Amino acid sequence: MKLYRLPGNYTLLMCLIITAFSSPVSPIRAEDGYRLWLRYDPLPAQTIQSYRTRITSLVIQGDSPTMLAMRLELSRGCSGLLGYQVPPADIIDRDGAIVVGTPKSSSIIAGLKLDRQLQAQGQEGYLIRSTRSGNRSITVIASNGETGLLYGAFHFLRLLQTQRSIDKLNIAEKPRLQRRLLNHWDNLNGSIERGYAGQSLWNWSELPDRIDDRLRDYARANASIGINGSVLNNVNANSRSLSAEYLHKAAAIAAVFRPYGVRVYLSARFSAPIELGGLKTADPLDREVSQWWKKKADEIYGIIPDFGGFVVKANSEGQPGPRTYNRSHADGANMLAAALAPHNGIVMWRAFVYDAKPGYDRAGAASENLEPFDGKFAANILLQVKNGPIDFQPREPFHPLFGAMPKTQLMPELQITQEYLGFSNHLAFLAPMWREFLDSDTFAKGRGSTVTKVVDGSLYRQRLTGIAGVANTGSSRNWTGHDFAQANWYAFGRLAWNPDQTSSQIAREWIEMTLTNDRSVIDTLARLILESHEAVVDYMTPLGLHHIMWPGHHYGPAPWWDRGERDDWNSVYYHRADLKGLGFDRTGDGSNSIRHYHPQVQKSFADLKACPDKFLLWFHHLPWDYRMRSGRIMWDELALHYQRGVEWTRSARRQWGGLAGSIDPERHKAVAMKLEIQERDAVHWRDAVLLYFQTFSKRPLPDGVEKPQRTLEEYKARSLTW
Ligand code: GCW
């Protein structure tokens, strides 16, 4: 057998990695969560046995950095999972060869004549097939692009990690959305806005001279779930991110990410021409201003040739923007888009704008500001719209802009970090929440016009597509603070790749890869995490309540809050409790912001008989004794939701406690402590909110709801701590 000649440092690197990642025989050992879902510990003996003849060698041709990364991953993964070395080879000389390559990099792949099928998968898609070469049975991982190969390799490893049969593979995969991005709200001083897992992963003061090894693992993790872009800095942006000094730092990061198919993007501060360029204005129609941006774009691409583009938060929460100069959002976005277009860069213009006008409804603000500009945005612009019309609440109906701007390219912005969902203390698996959003029917082109179809481009033939998730990563050893918050990073990537994937598929995959391959434990855990989001909604904001968190940090309840400088920075603005009832009337009798939805959707939300319970108080102000579908009055129903949420946290603690011998002790303990906090917080939420609303409802707590532990005054006196 001729051995494949390994490039210089590859052998050494591989030895180091295999040593670092090889593990003792017992699967239950202490773990710190650093390895995420890419653990590669030995599979059960029986499973290994079933793979033994199917995986005997790795035949990988090609030496580019991406090929090198992919080869490392496959050999590390296979050897770790299978407990035996899977040697590299450059010819197929036995059954069980895993052959990986593009038609360009590999003569073997070229010889398989897969051109047409590969063409259909694009640069990021791939085929995985069980096939024969001569008299040998082999497995082929093929793509037209090297990033596609990397994704294919991760898919193959996932099959092993989740113990799927690899006997008759015939897989053809490609991503449904093009730009699958994490948005980091990381500041240049290392802090992270709404980050709950330590400091920023980018150490700006050390860059570009010292590069943290961890950046590579970050890129690997993203590649493993198909995330192909990373916006490095906060949308509340500092102009310095665009200075030459910081561009060179960003370039160093980009160099680490590049082999993993992750491109770097930046948030651009609209007033940068003033702050960096010394101009007197940032008016997008001013020639000097647009020239400045063109020059800046040229400079950026000189330093980072594959730079992805800009995200812009303009005229929102104090950020500068075109409205400052009486220009429209379209004027601002188009000016930046023109600067980036020659380099194939894109602009993601955020729709999170809400001007404070007396008597207005914030839920309609983005529609009012942006809908009139449908069809006015350049071809390299995506309008980045949050999933709901308010702000990443535990539950919101879908944002009315989806389906309402047929001539504008839209991309959803989801929040992976749990700003309003208990930070990194509460277990809240967000895939079900995102599914609910993606499955929402906009009725834009008749029944079945789901948000997914709007954003994957199929409804309106949108050419450029994408999705962004506000990252929950940080310098914490386990990346996300809560070990289970890793599942939300994972779920975001999987849904970005295929927005039709079910929550339970994602949950099970993640559990199997990250926590255990013991079937009975997987079932328990899957049930638990799939219920978690609804439980959080129950103890925070059931029946359509929203934005009643403590102001500023948004941890814990403060439904009484009425001292914000703007109406819409107050809880009372959102719940509108009075002696008659509770809820925000957004129908024609109220703010009428419901009008921004398609008439069919309007009907289903406005009609009390059709409106789902979960959105009742979002769209209606209802009497405390309003008769619910359950037969109970609204007050009782509300109280029982809070109680149910608390009970879930207790049951979660019990169930988790019962898994003590099945999960490694380190993560078991860490999660147990978080669940204790979650229960404490759920009780606090229930008591504080019910005591406060009781001052209006003047009704007793129904049977089954526990007595509050403290007085309302005590709850008002200080916020929950984390
Ligand atoms: O959710 C709110 C947050 C702000 C954030 C803003 C936004 C980055 O409270 O911290 O700012 O949304 O999305 O721009």
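Order of appearance sets the numbers: ligands from 1, and atoms from 1 within every ligand. Please read all numbers here as calculations on a predicted model, not as lab measurements.
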- Counting only heavy atoms not in R566, do more than 12 sit closer than 6.0 Å to its CZ atom? yes
- Please name the pair of heavy atoms, one in A496 and one in I467, separated by the smallest distance, quoted to 0.1 Å. CB-CG2, 3.4 Å
- For atom 9 (O) of ligand 1, the closest protein heavy atom turns out to be E419 OE2, 2.5 Å
- Item | Identity and separation of the nearest protein heavy atom to atom 14 (O) of ligand 1 | K313 NZ, 2.6 Å
- Query: In ligand 1, which numbered atoms sit nearer than 4.0 Å to a non-hydrogen atom of F352?
  - Reply: 6 (C), 7 (C), 12 (O), 13 (O), 14 (O)
- Y196 versus N425, side-chain donor and acceptor atoms under 3.5 Å: no
- Task: May I ask which of H554, E193, K386 has a heavy atom nearer to atom 12 (O) of ligand 1 than the others do?
- Result: K386
- Task: Considering heavy atoms of the protein only, find what lies nearest to atom 6 (C) of ligand 1 and give residue, atom and distance to 0.1 Å.
- Result: E317 OE1, 3.3 Å
- Message: Quick check on the 6.0 Å ring-centre criterion: do Y218 and H184 meet it?
- Response: yes
- Note on the structure: Min over N234, I390, D391 of heavy-atom distance to atom 2 (C) of ligand 1 lands on D391
- Query: If you measure from each non-hydrogen atom of V470 to ligand 1, which part falls under 4.0 Å: side chain, backbone, both or neither?
  - Reply: neither
- Item | Side-chain donor-acceptor contact under 3.5 Å, S205 with N203 | yes
- Item | Spatial distance of atom CG (N315) from atom CZ (F270) [nearest 0.5 Å] | 8.0 Å
- Query: Nearest protein heavy atom to atom 8 (C) of ligand 1, by residue and atom, and its distance?
  - Reply: N236 ND2, 3.3 Å
- Task: Decide, yes or no, whether a salt bridge links R395 with E436 under the criterion of side-chain N to carboxylate O below 4.0 Å.
- Result: yes
- Message: Check for me whether R350 has a heavy atom closer than 4.0 Å to any atom of ligand 1.
- Response: yes
- Can an N or O of R194 be found at a distance shorter than 3.5 Å from an N or O of ligand 1? yes
